[in-house]
Amino acid sequence: MPVNKIVDSFDEAVADIEDGATIMIGGFGIVAGAPSLLLEALARKGSKDLTMVSNVTGFGKMVWKQLGFKFAEDPDILVRNGQIKKAIATAPVSTIYENNFERLLRAGKVELETVSQGTLAERIRAAKAGLGGVYVSVGVGTVVEEGKETKIIDGKKYILELPLKADFALIKAHKGDRWGNLVYRRTSRTFNAVMAGAATVTIAEVEEIVELGELDADAIHTPGIYVDRVVVRPLVIEEEEVEINAEAKESYEKFKERKGN
Amino acid sequence: MPVNKIVDSFDEAVADIEDGATIMIGGFGIVAGAPSLLLEALARKGSKDLTMVSNVTGFGKMVWKQLGFKFAEDPDILVRNGQIKKAIATAPVSTIYENNFERLLRAGKVELETVSQGTLAERIRAAKAGLGGVYVSVGVGTVVEEGKETKIIDGKKYILELPLKADFALIKAHKGDRWGNLVYRRTSRTFNAVMAGAATVTIAEVEEIVELGELDADAIHTPGIYVDRVVVRPLVIEEEEVEINAEAKESYEKFKERKGN
Amino acid sequence: MQEKERLDRQTIALRVAKEFQDGNVVNLGIGLPGLACNFVPAGREVLFHAEIGVLGFGEMTAPGEGDWELVNAGGQTVHEQPGMSCFDHAEAFVMIRGGHVDVSVMGAFQVSEKGDLANYMVPERQIGVIGGAMDLASGAKKLIIAMNHTTKDGQPRVLKQCTYPITALNCVKLLITDIAVIEVTEKGMVLKEVAPEWTPEEVQRLTEPTLIVDPDCHEIELM
Amino acid sequence: MQEKERLDRQTIALRVAKEFQDGNVVNLGIGLPGLACNFVPAGREVLFHAEIGVLGFGEMTAPGEGDWELVNAGGQTVHEQPGMSCFDHAEAFVMIRGGHVDVSVMGAFQVSEKGDLANYMVPERQIGVIGGAMDLASGAKKLIIAMNHTTKDGQPRVLKQCTYPITALNCVKLLITDIAVIEVTEKGMVLKEVAPEWTPEEVQRLTEPTLIVDPDCHEIELM
């Protein structure tokens, strides 16, 4: 039988994500790299008490609009839906406004583990790579060191960082095939490619499904070995009105003027 | 000034590899992935007492011919030239005949550290990634464990493996540009891409130099940040007569017959 | 007494390939195991992995033909096929060490009753070739050993304890030799299949640990 | 007394960019530092790195234009340019942690005399945004901080000791503020440049540690 990892719908793709699961969510916090339709499906399913591993806990529509992007969901949809028990993230709150996660955190309704970004990537990779742990010097002398084993290696102090594994990884790619081979576009690769294979089940949301062989062997970013399910987006995500942030506009105009001189 | 990492000759590319240097040599042991002309240049220069990090210590012409390959140099050229003090390798000897390294080792003229292949790759990556070390369970209960720190993590025993860094990495790629961006072809990527950036100076031998922008941003395997020098091969490497191994021929014929049935 | 005929390398490889299930990711070691990529049962789709950095390649090419930058772990050129992907060495071993490879097939000098594997060094040689063997033996979900049942001078290589240096402990799940198919279980080694005309007693005579003969033990089936 | 005019964000970014040397790999933090990609001195070739996974991108696009899958660490779209490469997050931090990035430019809440950096949490908020700041502060060969010299109510942010939680110790090499350029050295903080019309004494008055005034201290040069 030909291998076929393609599933027919987003709801089917997330059907076995039960209450209490640990899930990884790809992307950086920038909407283009987020598995938006998988997140919407998981919101519809309504699984509770999830532990969520992601770079950000979600900014929600406001920030995307200010950045001038077409709108799509980010991890915030699970937060505002009350599905998250704990977040492991590098940027759990916003520096400019109070996001939904911060509100719940201040109300004592969610837990938080803050991780440095490079260490988050390395811990996820360690799980995927079957390593027992890695020594990282980032965070020495800071809050990140608290409660962790340290070791002097070659005269320098390192913190022992342990692998981070999940039950499910929800990721977003540009194209995929029936073996689960994936390619990403530009800065949307980010945590998506890192998380692929670091969970028991990796589910990829793609913009396009291509025939086996269409992706060049040398240019595949995520070999199919790491991917369990592939589900394709409808052609166009609903676009919403976009307002450009006034400050960004002004700053750009000033820059253009200066360059003109 | 435009950045330009392209150097004019192989001799110039290796001119500062002095006696006693630690060098990494890319490839797997299969000739296509070896930086053959850099190795020839280093043999001409004659630097001595080198510590060599590579998958194999070299098979020499005999084996390549038997495999039916066009001939090019592999790490053996430095071994038979008497330039190696110590080898760190996963397959230091041949299982089918006595290679030059084995002869020197038995004569007490070289030292050897044998490493498991996945661990070699991970130790090189650790150096490139600024990690203090990684815990690996491969080799527990074997000779590889001897003299190393171990640790039980989550009920499983791991060995602490330390980063492996070099002064120079000699690697081979398919195409490169003046920023040092590289792409590899098929199974020639191997240790070449891993070693790029794990040495103070990374020198890449390429088959073709392309204009900046010709390599697609999404398909570059080694971003230029890891590469210090790029040197291009003359168009054709001298081909030698090839004899096909008789056993390989026979085995293949038998397989074809069976498939025919 | 003339010994009965044993399976040749091609036939052992054929029997090995029968183990591959639809969608399995299979790493084939150097030598005999490498031949198994030629014998995937009809209708099954199997993805072959080589630690040199390739997944999903096809059959071997004729010697001296093929793309010399597309080779298996033994340096033999293989055919490209749709869906194939290439990667570097660190990634190849993320796949292996991380438990993403379903089946690994390797050769061996010795295998113990508990599934310990010795395949990287003949003690007399004093120098070993570890290569990727330790990683594959500890990392793959299922390790199949394909080897001759005895040494050239007829001594058993299936032993109570390995006398050669160990590659990895408790790792072998299935043993396919030129005279038998043996499963390594918690209760001991179970004889599942014997070569044509061989009896379980004859296999036992060439095997050090006591074999549990499976009630369903039968002649090796190749198709 | 009316305070003298301070540099605006664009001008600080312009001064920051003067530090970039030919061939430097430069990571620009979110906010003000991000603007520096627009001001590379004419004739110099600088490779910008963003931890989201891109190296060698060009200037920012107009807001709302550009490829929304090609953004800097602040989510602002940037222009593609020849030689650009994209990669994943683990690789981006191999570059950072591994010491492959020449210059990192970040904002800060506080910087200490010894070059300690506090930029991930305002204590009153209790929740920090570490992001990639710790990695960049410990990993980049040279860390430049671009920030306002004082808080909104005029309190110094260049301090003997940071009172805010630390991002990384002994990491800041150069401080470019809206009134001064200060080098962090083993002997102490050296005042190298002052904003137009500002005197070293005026800068000192807004700075907690004692500044060593460089004999060559002069007005900030932008070109």
Side-chain angles (χ1 to χ4, degrees), chain B residues 1-6 121-134 163-166 169 173 175-184 189 193-202 204 209-230, chain D residues 20-27 40-58 67 69-72 78-104 132 134-141 168 171:
Chain B
M1 289 269 295
V3 177
N4 186 11
K5 298 182 179 178
I6 299 165
E122 206 62 24
R123 288 180 63 193
I124 294 169
R125 180 186 181 273
K128 178 174 174 168
L131 300 174
V134 296
L164 194 50
K165 196 180 158 87
K175 295 180 183 181
D177 63 29
R178 65 177 175 84
W179 280 8
N181 292 311
L182 303 177
V183 296
Y184 310 89
R189 200 182 316 178
V194 183
M195 290 172 173
T200 308
V201 178
T202 296
I209 287 177
V210 298
E211 288 298 313
L212 212 61
E214 272 189 51
L215 304 177
D216 177 26
D218 287 331
I220 287 171
H221 298 126
T222 296
I225 193 171
Y226 296 127
V227 178
D228 301 283
R229 298 172 198 162
V230 178
Chain D
F20 306 156
Q21 303 304 311
D22 256 334
N24 272 180
V25 171
V26 178
N27 183 292
V40 177
R44 274 187 215 166
E45 200 170 54
V46 173
L47 279 69
F48 290 107
H49 176 274
E51 60 269 36
I52 190 170
V54 57
L55 176 69
F57 57 87
D67 178 354
E69 288 197 307
L70 182 52
V71 296
N72 65 17
V78 293
H79 285 286
E80 177 154 349
Q81 67 174 14
M84 189 180 84
S85 56
C86 295
F87 32 87
D88 70 32
H89 229 82
E91 191 69 50
F93 281 89
V94 166
M95 295 177 185
I96 292 168
R97 196 192 311 99
H100 305 278
V101 172
D102 297 303
V103 180
S104 163
M134 286 187 180
D135 300 272
L136 282 158
S138 4
K141 286 182 207 152
C171 54

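No experiment lies behind these values; they were computed from the predicted model shown. So that the names make sense, note that chain A is the first sequence line, chain B the second, and so on, each numbered from 1.
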Report yes if the side chains of D:Q21 and D:R44 come closer than 4.5 Å at any heavy-atom pair, otherwise no.
yes
Side-chain heavy-atom pair D:D102, D:V26 within 4.5 angstrom cut-off
no
Is there side-chain contact between D:E91 and B:K128, with heavy atoms separated by less than 4.5 Å?
yes
One option among B:A217, B:G213, B:P223, B:G224 has the most heavy-atom pairs under 4.5 Å with chain D, and it is B:A217
Among B:K5, B:R178, B:R125, which residue forms the greatest number of heavy-atom pairs with chain D at distances under 4.5 Å?
B:R178
Answer yes or no: is there a side-chain heavy-atom contact under 4.5 Å between D:V94 and B:Y226?
yes
Heavy-atom closest pair (B:V201 atom, B:D228 atom, distance to 0.1 Å) is CA-OD2, 3.3 Å
Is D:Q81 in contact with chain B via its backbone, its side chain, both, or neither, using a 4.5 Å heavy-atom distance?
side chain
Option that, when pairs with chain B are counted at under 4.5 Å, heavy atom only, ranks first among D:C86, D:S138, D:A90, D:G139
D:C86
Taking every non-hydrogen pair under 4.5 Å, which of D:L47, D:L55, D:V101 racks up the most with chain B?
D:L47
